[in-house]
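Just so it is clear, the structure is predicted and the values come from calculations on it, not from any experiment.
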Amino acid sequence: MRPRVFNPNRYAAIYENPTNGWREAAPKLAWLWMFLFGVFYMAARSLWRPLIVSMLILMATSLIMWPLLIFVAPVIWVATAAQAQNLIRARYMRMGWSEIDPYEQDGVIH
């Protein structure tokens with residue numbers, strides 16, 4: 001199977017499964033998709049740990065003092081969006097995938 005080649009101008013990082021050579025990419029605009037679609041984007045990217053942690057923080061805040069949600073929810077939302085690239089990278093590194101430089105992948109003309 002030939003590995004997929006990604007446009008380096010659109011993707012911040014490319015991760016490759018060492019067992020079968022399959023490649024997945026993290027878009028440069030992951031922060032925007034995370035900000036706009038939040039939990040749906042996290043579920044689509046299989047970012048279950050950050051999704052569960054953010055939901056637990058929001059539920060704990062609502063149980064302790066629900067008016068604090070006015071302040072806590074936007075902070076969680078923006079902080080998660082700002083860390084989108086790191087969350088995606090951590091997921092692939094935990095699974096044992098290797099990171100490939102988008103400009104050094106085979107098939108890309110410089």
If you group Ile, Leu, Val, Met, Phe, Trp and Tyr by side-chain heavy-atom gaps below 4.5 Å, do Met95 and Tyr15 land in one group?
yes

Pairs satisfying side-chain hydrogen bond (donor to acceptor under 3.5 Å, both in side chains), at least one member in residues 77-92, at least two apart
Gln83-Asn86, Arg89-Glu99

May I have all residue pairs that pass side-chain hydrogen bond (donor to acceptor under 3.5 Å, both in side chains) and include part of residues 26-46, sequence neighbours excluded?
none

Which heavy-atom pair separates [X] from [Y] by the least distance, and what is that distance?
X	Y	result
Trp22	Asn20	N-OD1, 3.0 Å
Asn17	Trp97	N-CE3, 3.5 Å
Pro102	Pro8	O-CB, 3.5 Å

Say you draw a straight line from [atom1] of [X] to [atom2] of [Y]; how long is it, rounded to the nearest 0.5 Å?
X	Y	atom1	atom2	answer
Leu29	Arg10	CG	CZ	8.5 Å
Ile88	Met93	CD1	CE	12.0 Å
Ile100	Phe6	CD1	CZ	9.0 Å

Show me the side-chain donor-acceptor pairs of residues 50-72 shorter than 3.5 Å, one per line, residues at least two apart or across chains.
unit_1 : atom_1 : unit_2 : atom_2 : d
Ser54  : OG     : Pro50  : O      : 3.0
Ser54  : OG     : Leu51  : O      : 2.9
Thr61  : OG1    : Ile57  : O      : 2.8
Ser62  : OG     : Leu58  : O      : 3.4
Ser62  : OG     : Met59  : O      : 2.8

